[in-house]
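Only one structure is covered here, and it is reproduced in the block below.
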Amino acid sequence: MTPTDSQSQQGPGRARVVLGMVGDKWSLLVVCRLGQGPRRFTELKRAVDGVSQRMLTVTLRSLERDGILTRTVHNVMPPHVTYELTPMGRTLHEATAPLRQWTIEHLAHIDNARVEYDARASTLPAESVKNHT
């Protein structure tokens with residue numbers, strides 16, 4: 001592989017793809033929940049509010065493919081599967097901790113900003129709102 005090939009493999013385009021994958025809301029929520037330890041599918045489904053069974057399945061497969069988590073099938077009756085962060089997944093969990101903390105600290109501010117924005121938007125003439133979207 002030439003240096004140019006190596007650079008294209010690790011350039012901004014590749015980084016954007018990875019950030020898009022790990023930055024989607026379901027992936028971050030799953031990583032957050034798995035940061036607390038291994039979980040079964042049904043535990044994750046209950047812990048990740050609003051995710052559908054299909055979306056959780058797609059998210060778990062994607063994270064497994066990218067090396068963020070492992071899927072272990074246990075040979076017991078009835079059989080069950082657990083998901084757990086890999087060492088790389090744990091570094092992602094650690095890296096996103098400041099983002100999760102920021103979110104918690106600013107939820108009330110975001111809610112207030114939305115209320116203020118919606119109040120302003122509802123008092124503007126329809127044509128003015130149309131021009132700002």
Side-chain angles (χ1 to χ4, degrees):
M1 182 181 292
T2 66
T4 305
D5 292 339
S6 177
Q7 289 171 351
S8 68
Q9 289 294 315
Q10 297 182 15
R14 293 267 304 138
R16 186 175 52 248
V17 169
V18 172
L19 286 171
M21 179 271 304
V22 298
D24 80 76
K25 70 178 177 180
W26 300 124
S27 292
L28 282 178
L29 290 171
V30 166
V31 167
C32 179
R33 296 305 178 262
L34 289 176
Q36 300 163 358
R39 299 276 189 258
R40 293 174 69 170
F41 184 91
T42 52
E43 293 173 312
L44 283 170
K45 176 92 172 63
R46 275 186 248 122
V48 180
D49 188 41
V51 69
S52 69
Q53 183 167 333
R54 169 148 169 62
M55 195 68 234
L56 181 57
T57 299
V58 168
T59 299
L60 290 168
R61 285 182 184 160
S62 176
L63 291 171
E64 181 183 14
R65 179 176 184 253
D66 292 329
I68 304 299
L69 61 82
T70 57
R71 177 182 184 269
T72 304
V73 179
H74 301 274
N75 286 331
V76 295
M77 286 312 257
H80 72 268
V81 176
T82 57
Y83 297 90
E84 183 173 10
L85 292 177
T86 62
M88 184 170 57
R90 285 192 290 279
T91 65
L92 176 60
H93 182 262
E94 293 165 10
T96 59
L99 177 60
R100 292 190 309 270
Q101 186 60 40
W102 181 91
T103 302
I104 291 165
E105 290 172 4
H106 291 86
L107 280 173
H109 298 289
I110 293 167
D111 290 341
N112 290 338
R114 287 177 176 175
V115 167
E116 289 174 15
Y117 178 89
D118 292 346
R120 284 193 315 268
S122 68
T123 62
L124 293 174
E127 189 60 35
S128 177
V129 171
K130 185 177 168 183
N131 291 333
H132 288 286
T133 58

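Just the heavy atoms: all of them, side chains too, but no hydrogens, waters or symmetry mates, feed the values below. Counting from 1, the numbers follow the sequence of the chain as shown.
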Separation of [Y] [atom2] from [X] [atom1] (nearest 0.5 Å):
X      : Y      : atom1 : atom2 : result
Glu94  : Arg90  : CD    : CZ    : 8.5 Å
Arg100 : Glu105 : CZ    : CD    : 12.5 Å
Met88  : Leu63  : CE    : CG    : 10.0 Å
Leu19  : Asp24  : CG    : CG    : 11.5 Å
Arg33  : Leu28  : CZ    : CG    : 11.0 Å

Taking all non-hydrogen atoms of both residues, which atom of Lys45 and which atom of Val51 are closest, and how far apart? NZ-O, 3.0 Å
Looking only at heavy atoms, the pair that brings Gly67 and Thr86 closest together is O-OG1, 2.6 Å
Connected to Ile110, directly or through other members, by ILVMFWY side-chain contacts below 4.5 Å are Trp102
Working note: Thr96 + Cys32, criterion side-chain contact (heavy atoms from CB on, under 4.5 Å); need CA distance, chi angles, decisive distance, verdict. CA-CA 8 Å; Thr96 59; Cys32 179; over 6 Å; no
For Asp49, does the CG atom have more than 12 heavy-atom neighbours from other residues, nucleotides or ligands under 6.0 Å away? no
Show the numbers, then the answer: is there a side-chain contact (heavy atoms from CB on, under 4.5 Å) between Arg46 and Thr42? CA-CA 6 Å; Arg46 275 186 248 122; Thr42 52; 3.8 Å; yes
Side chain to side chain donor-acceptor pair (under 3.5 Å): pairs with one or both residues in residues 50-70, sequence neighbours excluded: none
Do Thr82 and His74 have side chains that approach each other closer than 4.5 Å (heavy atoms only, starting at C-beta)? yes
Go through Leu60 and Phe41 one step at a time and tell me if the side-chain contact (heavy atoms from CB on, under 4.5 Å) criterion holds. CA-CA 9 Å; Leu60 290 168; Phe41 184 91; 3.6 Å; yes
Listed partners of Gln36 passing side-chain hydrogen bond (donor to acceptor under 3.5 Å, both in side chains), at least two apart: Arg39
Does Ile68 form a side-chain contact (heavy atoms from CB on, under 4.5 Å) with Leu34? I'd like the steps, not just the answer. CA-CA 10 Å; Ile68 304 299; Leu34 289 176; over 6 Å; no
Indicate, with yes or no, if Leu44 and Val73 share a hydrophobic cluster defined by side-chain heavy-atom contacts under 4.5 Å among Ile, Leu, Val, Met, Phe, Trp and Tyr. yes
hydrophobic_cluster_shared for Val30 and Leu99, side chain cutoff 4.5 Å: no
